Number of protein chains: 2
Amino acid sequence: MTDSRQPTLEEVARLAGVGRGTASRVVNGSEHVSPHTRDAVERAVRELGYVPNQAARALRTRRTDTVALVIAEDEERVFAEPFFAGLVRGISRAVDATSRRLVLSMVPDESHLDRLGQFLTPQHVDGVMVVSMHDALSLPESPDLPIVHVGRPRDAGACYVDVDNLGGARQAVDHIIGRGRQRIACITGPQDLASGRDRLEGYREALAAAGLPFEERLVEAGDFSDASGVRGTAALVERCPDLDAIFAANDVMALGAMRELARRGLRVPEDVAVVGFDGSPAAAASTPVLTTVHQPLAELGTTAVEVLAHRIDDPGAEVRSVVLPAELRAGESA
Amino acid sequence: MTDSRQPTLEEVARLAGVGRGTASRVVNGSEHVSPHTRDAVERAVRELGYVPNQAARALRTRRTDTVALVIAEDEERVFAEPFFAGLVRGISRAVDATSRRLVLSMVPDESHLDRLGQFLTPQHVDGVMVVSMHDALSLPESPDLPIVHVGRPRDAGACYVDVDNLGGARQAVDHIIGRGRQRIACITGPQDLASGRDRLEGYREALAAAGLPFEERLVEAGDFSDASGVRGTAALVERCPDLDAIFAANDVMALGAMRELARRGLRVPEDVAVVGFDGSPAAAASTPVLTTVHQPLAELGTTAVEVLAHRIDDPGAEVRSVVLPAELRAGESA
DNA sequence: TTGTAGGCGTTATCAG
DNA sequence: CTGATAACGCCTACAA
C-alpha cells in the first residue's frame with residue numbers, strides 16, 4: 001500500500017490528465033491556467049499527497065527558499081541572554097509566515113567560520129541575517145548573497161535593522177530628569193558594540209539637553225551581564241553616595257543594580273530611581289518599580305525578515321536600513 | 001574578474017584535463033583513481049574554489065546530508081530551560097564534526113505540525129532527532145526516515161537516547177539516606193514526562209531498598225519550574241515540619257527549594273539536605289551545598305547524533321536505544 | 001583506471 | 001491556455 005517514494009510532478013500530471021508543464025504552473029500558482037485545469041491538478045496533488053522536490057527545484061531555479069540566521073555567539077550565551085530568545089522568536093514567526101524556511105547557525109568561535117563560509121553561498125541560502133554581539137567578527141560574505149545585519153554593524157555601508165538605541169536611551173534619561181532627579185549615574189554596555197556606544201551617547205545627550213553636567217565618576221563600564229550590573233552599582237554607590245538615579249544600558253544590569261541597592265538598604269525608587277534599556281519584556285513585568293525602555297525584539301525580527309525578503313526578491317533595489325523607535329514603559333515612578 | 005557563478009564539476013574536469021566522472025570520483029574520495037589524476041583534480045578544485053552543488057547532489061543521490069533537531073517546545077521555554085542549552089550545544093558540536101549539517105526547528109504548537117510534517121521527509125533531511133517535553137505531541141513521522149528521540153518517548157518501540165533517570169534518582173536518594181536522613185521529601189517532575197515519572201520511581205525504590213516507608217505527604221507535584229520548587233517546598237515544610245531532606249526532580253526546583261528554605265530560616269544542609277537532578281552543571285557550581293545528580297547533556301547530544309548517524313548509514317540495522325548513566329556530584333554534604 | 005551517457009524532478013522556453 | 005522539450009549539476013553504471 002505504501003509507495004515509499006514520494007510522488008512526482010509527472011504522476012500528478014498524468015492523474016490530472018494534463019502535461020507536466022501545466023501541472024508545474026498550477027503548483028507554482030501561475031495565472032495563465034484555466035480554472036478547470038487548475039482544479040483537476042489541485043485534486044490530483046491532494047490525492048497523491050504531492051510535495052515538490054526541493055532539490056530539483058533548487059537545481060533548476062537556483063533558489064533555495066531558505067534563509068539563514070547566523071548568531072555569532074556561543075550556544076551558552078545565546079541561551080543565557082534573553083535578547084536572543086525574543087529575537088529568534090520574532091524571526092522564526094516571521095519566516096514561518098513566508099514560503100521560506102529558516103536555518104539557525106550559531107558560531108561559537110572563528111574556527112567555525114570556514115564551514116559557515118561554505119554554507120553561506122547562494123547555493124545553500126537565498127539570504128542571511130546576522131546578529132553579532134561583537135563588532136570584531138566579520139564573516140566571509142559571499143557576493144550576490146543578500147545580508148541583513150540585526151544591530152548596526154561596524155561597516156557603515158551595510159544593510160541593517162536596529163532599535164533606536166540613542167533615542168531610547170535619551171528618552172529614558174529624560175524621563176528620570178523629568179521626575180526631578182539630578183545626579184543620574186550610568187552603567188554602560190560593552191563599548192565594542194554599537195548598542196553599547198549609542199546608549200551611552202543617548203545618556204550624554206539627555207544630560208546635555210537638560211543642562212546637567214556629564215561626570216566621569218557617575219559612569220561605570222558594564223557588559224550587559226547581571227554581575228556587571230551588581231558590580232557597577234556597588235562602585236557607583238561607594239563613589240557617589242548622593243546619586244539619585246541609575247540608567248543601566250540593559251535590563252539585566254538594571255535588575256542586578258536593584259538587587260545591589262536593596263542589599264545596601266537603599267530603596268527603589270524612593271532613594272534611587274532605576275531605568276533600564278530592555279532586552280526582555282519579562283524583566284520589566286517582574287519588577288514593576290523598574291522603568292524601562294522597551295526594545296521591540298519580536299518586531300525587530302519581523303523587520304529583519306521583511307527587509308531581507310525585499311532584498312532577495314528585488315536584488316536591484318537600493319539598500320535601505322531600518323531603525324525602529326524604542327518606547328518608554330514607566331513602572332511605578334520615581 | 002569575478003565569475004559570479006560557482007564553478008561546476010565540468011569546469012574542474014576540463015581544467016584538470018580529465019572526464020567529469022573522474023573528477024566526481026576524486027571529489028567523493030573514491031579509491032579507484034590514480035594518485036596522479038587525483039592530484040590534478042584536487043589542484044583544479046582548489047584553484048577554482050569548487051564546492052559541490054548540494055541541490056544537484058541531493059537530486060541525484062536522494063540524500064541531503066542534513067539532519068534535523070526538532071524541539072517540541074515554544075521558543076520561550078527553549079531559551080528559558082537550561083536543559084536545552086546543554087543539549088543543543090552537544091548536538092551542535094557532534095554534528096559539526098560530521099559532514100552533515102544541522103537544522104533546528106522549534107514547534108511552538110500543533111498548528112505548526114503540518115509545515116513540519118512536510119519538512120520531515122527523506123526529501124529534506126536524512127534523519128531527525130526529537131526532543132519533546134510532553135508525551136502528548138506526536139509529530140507526523142515520515143516512513144523511511146530514521147528518528148531518534150532524546151528522552152524516552154511514550155512509544156515503547158521507538159529508538160531513543162536518554163539518561164538513566166531512574167538509577168540517577170535512586171543514587172541521589174541513596175546518598176541522602178547514607179548521610180543519615182530519614183524523612184526525605186520529594187518534589188516531582190511533570191508526570192506526563194518519562195523523566196518525571198522515572199525520577200519519582202527512583203525515589204520510591206531507594207526508600208524501599210532502605211526499608212523506609214513511602215509517604216504521600218512527603219511528595220509534592222512539581223513541573224520543573226523554579227516556582228513549583230518554591231511552592232512545593234512551602235507546602236512540604238508546612239505539612240511535615242520534621243522533614244530532614246528534599247529530593248527535587250531537577251536543579252531548577254532544587255534551587256527554588258533552597259531559597260524557600262532559607263526564607264523560612266531553615267539551614268541547608270544542616271536542617272534540611274537538598275539534592276536535585278541536574279539539568280545544568282551551572283546550577284551545581286553556583287551552590288556548593290547543593291548535591292546533584294549530573295545529567296551529561298552534552299554527551300547525551302553526542303550520543304543522539306551517533307545513534308542517528310548509525311541508523312542513517314545502516315538502515316537495515318536493528319534499532320538500539322541507549323541509556324547513559326547519571327553521575328552523583330556531592331556538594332558540601334549533609 | 002578512466003571516459004561517456006543517462007537520468008534524478010523541476011522549471012522555463014517555445015511552439016501550437 | 002497548454003504540451004512537449006531542453007537544461008540545471010551531479011553520480012554511477014557501463015563500456016573501453
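Naming convention: chains lettered A, B, ... in sequence-line order (proteins, then strands); numbering from 1 in each chain. Remember, it's a predicted structure, so these values are computed and weren't measured experimentally.
- Contact annotation for B/Arg20: base contact, defined as any heavy-atom pair under 4.0 Å involving a base atom.
- Between A/His124 and A/Thr66, every side-chain heavy-atom pair lies at or beyond the 4.5 Å cut-off.
- Residue B/Thr8 places at least one side-chain N or O closer than 4.0 Å to OP1 or OP2 of D/dC10.
- Remark: C1' of D/dG3 and CZ of A/Arg14 are 15 Å apart, rounded to the nearest angstrom.
- For the pair A/Tyr50 OH and C/dT11 C1', the interatomic distance rounds to 10 Å; values are reported in whole Å.
- Between B/Val131 and B/Leu69 the shortest side-chain heavy-atom distance falls below 4.5 Å.
- Residues A/Val322 and A/Arg320 fail the side-chain proximity criterion, which asks for heavy atoms closer than 4.5 Å.
- Side-chain proximity of B/Thr61 to D/dC11, C/dG9, C/dG3: nearest is D/dC11.
- At a cut-off of 3.5 angstrom, the base of D/dG3 holds at least one donor-acceptor pair with the side chain of A/Arg25.
- B/Ser24 has no side-chain polar atom (N or O) that falls below the 4.0 Å cut-off from OP1 or OP2 of D/dC10.
- Phosphate contact (OP1/OP2 of C/dT2, side-chain N/O of B/Thr37, threshold under 4.0 Å): present.
- In this structure, B/Val27 reaches neither bases nor backbone, as no heavy-atom distance under 4.0 Å exists between it and the strands shown.
- Comparing atom distances between the B/His32 side chain and each of C/dT2, D/dC10, C/dC8 picks out C/dT2 as nearest.
- One interatomic measurement links the two molecules: CD of B/Glu10 to C1' of D/dG9, which rounds to 10 Å at whole-angstrom precision.
- If you take CZ of B/Arg57 and P of D/dC8, they are 19 Å apart, rounded to a whole angstrom.
- B/Leu59 places its CG atom 14 Å from the P atom of C/dG7, with the value rounded to the nearest Å.
- Where A/Gly17 and A/Arg62 meet DNA chain D, the nucleotide closest to each residue was compared, and A/Gly17 sits on the side nearer the 5' end.
- The shortest side-chain heavy-atom distance between A/Glu11 and A/Leu15 does not fall under the 4.5 Å cut-off.
- A donor-acceptor contact under 3.5 angstrom links the side chains of B/Arg57 and B/Asn28, judged on distance only.
- Residues A/Arg93 and A/Val305 fail the side-chain proximity criterion, which asks for heavy atoms closer than 4.5 Å.
- The CD-C1' distance, from A/Gln123 to D/dC10, rounds to 11 Å in whole Å.
- Atom CZ in B/Arg60 sits about 13 Å away from atom P in D/dC10, given to the nearest Å.
- Across all strands shown, B/Ser34 has heavy atoms under 4.0 Å from sugar-phosphate atoms exclusively, and none from any base.
- In terms of phosphate contacts, B/Asn53 brings no side-chain nitrogen or oxygen within less than 4.0 Å of OP1 or OP2 of D/dC8.
- Using a 4.0 Å heavy-atom cutoff across all strands shown, B/Leu9 reaches sugar-phosphate atoms only and no base atom.
- Nearest-nucleotide positions on DNA chain C for A/Pro7 and B/Arg38 put B/Arg38 closer to the 5' end.
- In this structure, A/Gln54 atom CD and D/dC8 atom P are separated by 20 Å, rounded to whole Å.
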